[in-house]
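Just so you know, ligand 1 is whichever comes first in the structure, and atom 1 is the first atom listed for that ligand. Excluded from the calculations below are hydrogen atoms, water molecules and symmetry mates; all remaining heavy atoms, backbone and side chain alike, are included.
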Amino acid sequence: MWRRVASSLSPIISSSPSSRSLSRNQAAFGLIIRESFATEISKPEEGAKSPFITFVLGGPGSGKGTQCEKIVETFGLTHLSAGDLLRREIAMHTKNGDMILNLIKDGKIVPSEVTVKLLQKELESSNSSKFLIDGFPRTEENRVAFERIVGADPDVVLFFDCPEEEMVTRVLNRNQGRVDDNITTMKKRLKIFEALNRPVIDYYKNKGKLYTINAVGTVDDIFKQVLPIFTPFQEQLKQSRHVNPKSPLLCFPPFIILRTEKMVSIVYRPSFCYPTISSSSMKKKPRHYEQLKLKQIQDNNNNNNGFTSLSLSKPSPTPILVGKQSTQRTKLEALDSVITELETSARKGITITEPEIFASLLETCYTLRSIHHGARVHRLIPAYLLRNNLGVSSKLVRLYASCGYAEVAHEVFDQMSKRKSSAFAWNSLISGYAESAQYEDAMAIYFQMAEDGVKPDRFTFPRVLKACGGIGSIQIGEAIHRDLVKEGFGYDVYVLNALVDMYAKCGDIVKAKSVFDMIPHKDYVSWNSMLTSYLHHGLLHEAVHIFRLMVRDGVEPDKVAISSVLARVLSLKHGRQLHGWVIRRGMECELSVANALIVLYSKMGQLSQACFVFDQMLERDIVSWNAIISAHSKDSNGLKYFEEMQRADVRPDVITFVSVLSLCANTGMVEDGERLFSLMSKEYGINPKMEHYACMVNLYGRAGMMQEAYSMIVREMGFEAGPTVWGALLYACYIHGNADIGEVAAQRLFELEPDNEHNFELLMRIYSKAKRIQDVERVRQMML
Ligand SMILES: Nc1ncnc2c1ncn2[C@@H]1O[C@H](COP(=O)(O)OP(=O)(O)OP(=O)(O)O)[C@@H](O)[C@H]1O
Ligand SMILES: Nc1ccn([C@H]2C[C@H](O)[C@@H](COP(=O)(O)O)O2)c(=O)n1
């Protein structure tokens, strides 16, 4: 894993005598950190190594990005495109965004400090140890800055050598809406490339690290030249791109409790100890090694309430548990162990008074939706904090409300002393309800707020609009729209984005677009909301138009939009292109994106690709498991995934059982089907629904066990069978030529869906197989 020396290492680390004597690179690659943990927990890694770095050079349009995609596919390196990172800055309107845009438009090079810092951030937050840095270094200044700031040298430098005319043709045909893909800028870029990039190429040539590739020919032909370059490095590259989920690193709790006789310390693990994917996917990070000093004064009962008050330095208010690729289980275990330690300390008379600790723990409970842990944290919070600290109590309110514990949420809410003076507490309640799809309750709180004379703020409206979108009531939505304008939020981009989403969810896409058009400074959420809205309405043409405008403005679709796009892709070719795009953006590990990819490949009949995506995932949710099991609807290997899911302690749901039962039906695994059907209710408490009975009838029916299929309907089902169930029976009767039961099934189907000709036709075929020609004719007459 890539690591660097942190500038703000904690006293524990910096005071380590051995750490001071280490060289820059030793420190950078983990030695100091390992030593600091050595006494408390198992070693994270034996001798962390320097990363494997490849620089990819070449003129504009020489095909660097295209070849990088293939290298990533084959060797699993992590692709960092300097140009993409800069474009992301533009899209996100960061402080450097405008400056970068102007330089890129003019074909110029962005100051090295900016580019190198962006690369450095990606390198540090990545869990990978092998990188493909594309479009960098562009200048000698770039190269020197990288060496100075990052302190690393490339192992390989690829140079894609392409004639100018070819590069111009490619760039002008690229059609990705890039601001610099025009002939004027292209001419400038070529000049700058010749003047500034050539010296870099020469530098690496002299160092013996340069590999020149003739970049003319087909993509595959060019890649044939690239392949052998990496062969000598295969050993280094063998390790998979992602940290093995079984790596001991992932089992580390996010912060460590250090105990000595006199002292209990909670030490935040620095972010670079987490295996992470990319800085963009790392939304919340713990502070670097903040040490919370819990002075344990065991024999000093100087506190009136019998507890010893603990003094803590300011911890990070951000969630403690953030390792995105930790499994849900590992995170829960880590949370559990931290809470257990605090409970033990509390029993010994040590009490924690710092609100940030509780806020942080509650945030984690909320992220993991663990009400059980939340309730334990609740018990540790002193009553006065709950009354007076809005930050802590509102997190508790949101947790309870979002997990369906409305009564407790209201109890905590009612005790909050400041609830009448600000919208803060109310917002938590609304958000808790909205997030758990209790939309009516969320709306009721909003109206109650007005009755109690509490003014909504800019955070109230997005939450209540989300609830309104959930209900789908355009009238209420319009009323809230009027309210927000009255309250002065009619130009607030944050609020307007939510308004676009609400109108779209309520079915008024025209109004959604007109609100979108009104947003003066659209941010990436605005664009993505509009894109997703069009996609959800099936307006592909409009979605493509928005997509083009986004790209023109340097805004990229986010994971929600990309997942929606993937769900609507109709051809394997487009699916693959999008997959490549997703990989280039480092979005392949986003849960919703990976889930959508599994469904896409499964829809296209590419089972091995679906498995590949699934196997690469570092974090999976129930949707991922259901998607991969359902992808195996005709393959008995699907049951292995089901077993793995059970081992991973993921609770199967109604959908999982529909998938496994239909798999058993399709593959003729009657005994497994019976076992799973019984497991569903006995082990998981799921009462069989119509779909499950349909699967069972299908299972027996296909296996020719007509009596079992029939008695499933008439004896086992506690409710009236619907068309799916009778339909499965009728189809089985057709396959096995059972006219007697077929007649019964058809009769029920004629009553349930009199207009469905298919049922009549099936019965005719059954009669025909049985040579009952008169009956065939009778059914034909019924159809007329
Ligand atoms: N071998 C090839 N033959 C024809 N077209 C190609 C080839 N390789 C890439 N292209 C096309 O040329 C265009 C430029 O390729 P690509 O984006 O990979 O270049 P690049 O070197 O990364 O460019 P830039 O530095 O401007 O980002 C793309 O539209 C790509 O599809
Ligand atoms: N090291 C870099 C890399 C890129 N830029 C700027 C200037 C380029 O024209 C633009 C696009 O990069 P590309 O996608 O073509 O690699 O980004 C830079 O200033 N410094």
The answer for which part of Val110 has a heavy atom under 4.0 Å from ligand 2 is both
Whether Arg87 and Asp84 form a salt bridge (side-chain N of Lys/Arg under 4.0 Å from carboxylate O of Asp/Glu) is what I want to check. yes
With ring centroids as reference points, do Phe516 and Trp527 lie under 6.0 angstrom apart? yes
In this structure, are over 12 heavy atoms from other groups packed under 6.0 Å from His537 atom NE2? yes
I need the atoms of ligand 2 closer than 4.0 Å to a non-hydrogen atom of Leu86, numbered in the order shown. 4 (C), 5 (N), 6 (C), 17 (O), 18 (C), 19 (O)
One finds that the ligand 2 atoms under 4.0 Å from a non-hydrogen atom of Arg87 are 11 (C), 14 (O)
Show the numbers, then the answer: is there a salt bridge (Lys or Arg N to Asp or Glu O under 4.0 Å) between Arg148 and Glu113? CA-CA 10 Å; Arg148 178 172 50 84; Glu113 186 83 2; 3.7 Å; yes
Relative to ligand 2, is Asn142 under 4.0 angstrom through side chain, backbone, both or neither, heavy atoms considered? side chain
Purely on distance, is any nitrogen or oxygen of Gly135 under 3.5 Å from one on ligand 2? yes
At a non-hydrogen distance cut-off of under 4.0 Å, which region of Lys108 contacts ligand 2 (side chain, backbone, both, or neither)? backbone
Hey, which residues fall under 4.0 Å of ligand 1 on heavy atoms? Gly59, Pro60, Gly61, Ser62, Gly63, Lys64, Gly65, Thr66, Arg170, Arg174, Arg178, Arg189, Gly217, Thr218, Val219, Ile222
For Asn182, is the CG atom crowded, meaning more than 12 foreign heavy atoms sit under 6.0 Å from it? yes
Under a plain distance cut-off of 3.5 Å, with no hydrogens placed, do Arg143 and Tyr203 share a side-chain donor-acceptor pair? yes
Select one of side chain, backbone, both or neither to describe which atoms of Glu141 lie under 4.0 Å from any atom of ligand 2, heavy atoms only. neither
Under 4.0 Å from a heavy atom of Phe136: give me the atoms of ligand 2 that qualify, with their elements. 1 (N)
Please work out which of Arg138, Arg189, Lys188 has its closest non-hydrogen atom nearest to atom 8 (C) of ligand 2. Arg138
Counting only heavy atoms not in Lys70, do more than 12 fall under 6.0 Å of its NZ? yes
Kindly say whether the aromatic ring centers of Tyr601 and His579 come within a distance under 6.0 Å. yes
Run the ring-centre check on Phe159 versus Tyr204 and record whether the distance is less than 6.0 Å. no
Validation row: Arg568, His536 side chains within 4.5 angstrom (heavy atoms): yes
Using a 3.5 Å cut-off on N or O atoms only, is Ile104 in polar contact with ligand 2? no
Is it the case that more than 12 heavy atoms not belonging to Phe612 sit under 6.0 Å from its CZ atom? no
